[in-house]
J.: 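Pasting a structure below so you can have a look.
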Amino acid sequence: MLDLGRLRALHAVSVHGSVSAAATALGYTPSAVSQQIAKLERETRTALLERQGRGITLTDAARHLAATAQQLLAIVEEAETTLEERRGQPTGRLVIGAFASAARGLMPMVLAALTAEHPSLDARLLEVDPHLSVDLVAQGVIDLAVAHDWDIAPLPAPEGQERAVIGDDLCDLLAPAGHPLAGLAARRTLRREDLPGQRWICQPPGSVCHDWLVRTLRASGHEPDLAYQAAENHTQIALVAAGLGVALMPRLGRGPLPDGVLALPLEPVPVRRLYALWRTGAARRPAITETVRLLGGLWPRRTV
């Protein structure tokens with residue numbers, strides 16, 4: 001009989017593309033995941049992983065087995081959901097995926113509340129790219145995702161998933177003190193028409209924030225000068241503090257700004273909306289409903 005834990009490890013490797021990434025998602029060490037795969041190979045008498053350069057790839061047999069594993073894991077989730085629902089209390093393991101600023105600015109409060117109020121629940125956090133959230137929920141890698149979208153990039157709504165709005169995260173223009181836009185903002189509210197001609201500090205291509213900035217400025221007939229691209233908010237803030245340019249940044253998880261950096265409001269205000277996403281099959285889990293309740297209830301008390 002095939003071991004479910006080993007099938008879970010194989011499924012994680014198929015989703016994440018490497019043993020180390022699968023280990024991070026599962027909360028194990030890479031060596032533990034490798035051992036699980038090796039035991040599964042002995043059980044099935046089949047080679048499941050092949051070396052490819054510095055990485056690995058799944059064999060055809062492994063891909064078929066991983067697809068079957070996903071179906072089995074869905075059946076197990078349904079059974080666990082039914083049992084938890086009958087108990088009426090959040091129990092078991094709950095893996096929450098959240099993008100970086102939500103993991104920093106919102107999730108500590110939520111996880112602390114879940115831990116204090118529901119000691120039988122093993123709540124875990126995995127920081128994930130918001131672009132991947134929908135797929136990771138669908139694949140069963142995470143149970144619930146905290147994701148976001150913008151007006152130019154709505155979040156997909158695939159079949160088999162449900163969502164709830166958590167709240168709206170407002171964005172400001174960050175500029176060094178003494179910048180011309182800071183002087184203009186002292187006289188009136190900045191508008192998007194004031195933004196062309198700046199040297200921008202932003203996230204790298206492929207991020208929602210980067211795409212919003214590029215599309216917004218191009219819509220006004222200007223090509224943005226993306227002089228400095230950095231994924232970390234704190235790096236962007238440091239670049240603004242050095243007087244190198246301006247940045248558009250949401251408030252969630254931003255933290256206090258250093259001296260010499262101003263947060264200037266824009267009109268209309270750029271907004272990203274946060275959602276909680278989960279699989280429809282797990283919607284009855286008390287752990288899901290309680291987490292969604294806390295996400296919405298603690299949103300007004302989030303740290304900025």
Side-chain angles (χ1 to χ4, degrees), residues 1-80 92-104 107 111 121-147 156 158 160-161 203-207 230-232 277-279 281-282 287:
M1 182 176 295
L2 298 178
D3 181 86
L4 186 63
R6 293 163 195 166
L7 290 173
R8 191 186 302 275
L10 177 64
H11 175 253
V13 172
S14 72
V15 169
H16 294 283
S18 71
V19 170
S20 59
T24 299
L26 294 172
Y28 301 149
T29 63
S31 61
V33 173
S34 295
Q35 291 172 15
Q36 293 278 30
I37 300 297
K39 290 178 180 178
L40 188 59
E41 287 182 322
R42 291 195 294 271
E43 285 180 346
T44 59
R45 300 179 183 179
T46 304
L48 300 176
L49 301 182
E50 294 177 341
R51 285 285 176 188
Q52 189 175 63
R54 295 185 176 181
I56 54 95
T57 184
L58 270 66
T59 64
D60 288 341
R63 282 191 285 270
H64 286 295
L65 189 56
T68 301
Q70 183 170 347
Q71 297 172 4
L72 291 173
L73 292 171
I75 294 172
V76 170
E77 179 182 61
E78 174 63 25
E80 291 175 342
R93 179 169 167 150
L94 181 76
V95 180
I96 305 170
F99 59 95
S101 53
R104 179 173 58 251
M107 290 311 302
L111 292 168
L121 179 65
D122 179 15
R124 300 181 176 231
L125 175 67
L126 181 66
E127 186 177 307
V128 299
D129 189 302
H131 285 93
L132 303 177
S133 298
V134 172
D135 288 341
L136 293 177
V137 170
Q139 294 160 351
V141 177
I142 57 179
D143 301 303
L144 183 145
V146 177
Q161 291 189 27
Q203 291 191 343
S207 68
E232 281 290 331
L277 307 173
W278 61 92
R279 290 179 296 280

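In what follows, every heavy atom counts, from backbone to side chain, and hydrogens, waters and symmetry copies are set aside.
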J.: Measuring from Lys39:NZ to Leu2:CG, what's the distance to the nearest 0.5 Å?
T.: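 It is 14.5 Å, given to the nearest 0.5 Å.
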J.: State, yes or no, whether a side-chain contact exists between Leu4 and Leu73 at a heavy-atom distance under 4.5 Å.
T.: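 Yes. Closest side-chain heavy atoms under 4.5 Å.
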J.: Are the side chains of Asp135 and Val15 in contact, using a 4.5 Å heavy-atom criterion?
T.: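 Not touching, per the 4.5 Å side-chain cut-off.
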J.: Heavy atoms only: give me the nearest Leu277-Ala147 pair and the separation to one decimal.
T.: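 Minimum heavy-atom separation between Leu277 and Ala147: CD1-CB, 4.1 Å.
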J.: Any idea which heavy atoms bring Thr57 and Arg63 closest together, and the distance?
T.: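 The pair with the smallest heavy-atom distance is OG1-NH1, 4.3 Å.
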J.: Looking only at heavy atoms, what is the nearest atom pair of Leu111 and Ala123, with distance?
T.: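 The answer is CD2-CB, 4.1 Å.
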J.: Tell me the closest heavy-atom pair linking Ala22 and His16, and the distance in Å.
T.: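 Smallest heavy-atom distance, with atoms named: N-CB, 4.0 Å.
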J.: Please tell me if the side chains of Arg6 and Ile37 come closer than 4.5 Å, counting only heavy atoms from C-beta onward.
T.: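 Not in contact.
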J.: Can you name the closest pair of heavy atoms from Val19 and Pro30 and give their distance?
T.: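 Val19 and Pro30 have their closest heavy atoms at CG1-O, 3.4 Å.
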J.: Start with the C-alpha distance between Leu49 and Thr59, add both sets of side-chain angles, then the distance that settles side-chain contact (heavy atoms from CB on, under 4.5 Å), and finish with yes or no.
T.: CA-CA 6 Å; Leu49 301 182; Thr59 64; over 6 Å; no
J.: For Val134, does its backbone N or O pair with a side-chain atom of Gln161 as donor and acceptor, under 3.5 Å?
T.: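 Indeed, once roles are kept as given, a pair shorter than 3.5 Å links the two residues.
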J.: What verdict does the side-chain contact (heavy atoms from CB on, under 4.5 Å) test give for Ile56 and Val13, after you've listed the backbone C-alpha separation in whole Å, the side-chain angles of each residue and the deciding distance to 0.1 Å?
T.: CA-CA 10 Å; Ile56 54 95; Val13 172; 3.8 Å; yes
J.: Given the rule in the side-chain contact (heavy atoms from CB on, under 4.5 Å) test, do Leu58 and Leu10 qualify, once you have shown the distances and angles that lead to the verdict?
T.: CA-CA 9 Å; Leu58 270 66; Leu10 177 64; 4.3 Å; yes
J.: Between Leu94 and Leu121, does the side-chain contact (heavy atoms from CB on, under 4.5 Å) criterion hold? Intermediate values first, please.
T.: CA-CA 7 Å; Leu94 181 76; Leu121 179 65; 4.0 Å; yes
J.: Phe99 versus Val146: any side-chain heavy-atom pair under 4.5 Å?
T.: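 Yes - at least one pair of side-chain heavy atoms lies under 4.5 Å apart.
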J.: Output the distance between atom CD (Gln36) and atom CZ (Arg8), rounded to the nearest 0.5 Å.
T.: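 Here the interatomic distance stands at 10.5 Å.
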J.: I'd like to check the salt bridge (charged side-chain N to carboxylate O under 4.0 Å, His left out) partners of Asp122; sequence neighbours left out, ordered by chain and number.
T.: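 Partners of Asp122 by the salt bridge (charged side-chain N to carboxylate O under 4.0 Å, His left out) criterion, ordered by chain and then number, come out as Arg124.
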J.: Does some side-chain heavy atom of Leu126 sit less than 4.5 Å from a side-chain heavy atom of Ile96?
T.: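 With C-beta onward as the side chain, the pair stays apart.
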J.: Looking at Arg279, I want to see if its CZ is surrounded by more than 12 non-hydrogen atoms of other residues, nucleotides or ligands under 6.0 Å.
T.: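 Atom CZ in Arg279 is crowded, with more than 12 foreign heavy atoms closer than 6.0 Å.
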J.: Can you tell me how far CG of Leu125 sits from CG of Leu144, rounded to the nearest 0.5 angstrom?
T.: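 Output value for this atom pair is 11.0 Å.
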J.: When you measure from the side chain of Glu41 to the backbone of Leu48, do you find a donor-acceptor pair of N or O atoms at a distance under 3.5 Å?
T.: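 A pair under 3.5 Å: yes.
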J.: Atom CG of Leu26 and atom CZ of Arg93: how far apart are they, to the nearest 0.5 Å?
T.: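 The distance works out to 6.5 Å.
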J.: Does some side-chain heavy atom of Leu40 sit less than 4.5 Å from a side-chain heavy atom of Leu65?
T.: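 Yes - at least one pair of side-chain heavy atoms lies under 4.5 Å apart.
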J.: List the atom of Ala103, the atom of Ala98, and the distance in Å for their closest heavy-atom pair.
T.: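 Result for this residue pair: N-CB, 4.1 Å.
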J.: So do Leu72 and His11 actually touch side chain to side chain, heavy atoms under 4.5 Å?
T.: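 They are not in contact (no side-chain heavy atoms under 4.5 Å apart), so the answer is no.
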J.: Could you measure the distance from the OG1 atom of Thr46 to the CG atom of Asp60? Nearest 0.5 Å is fine.
T.: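 Reported value, rounded in 0.5 Å steps: 12.0 Å.
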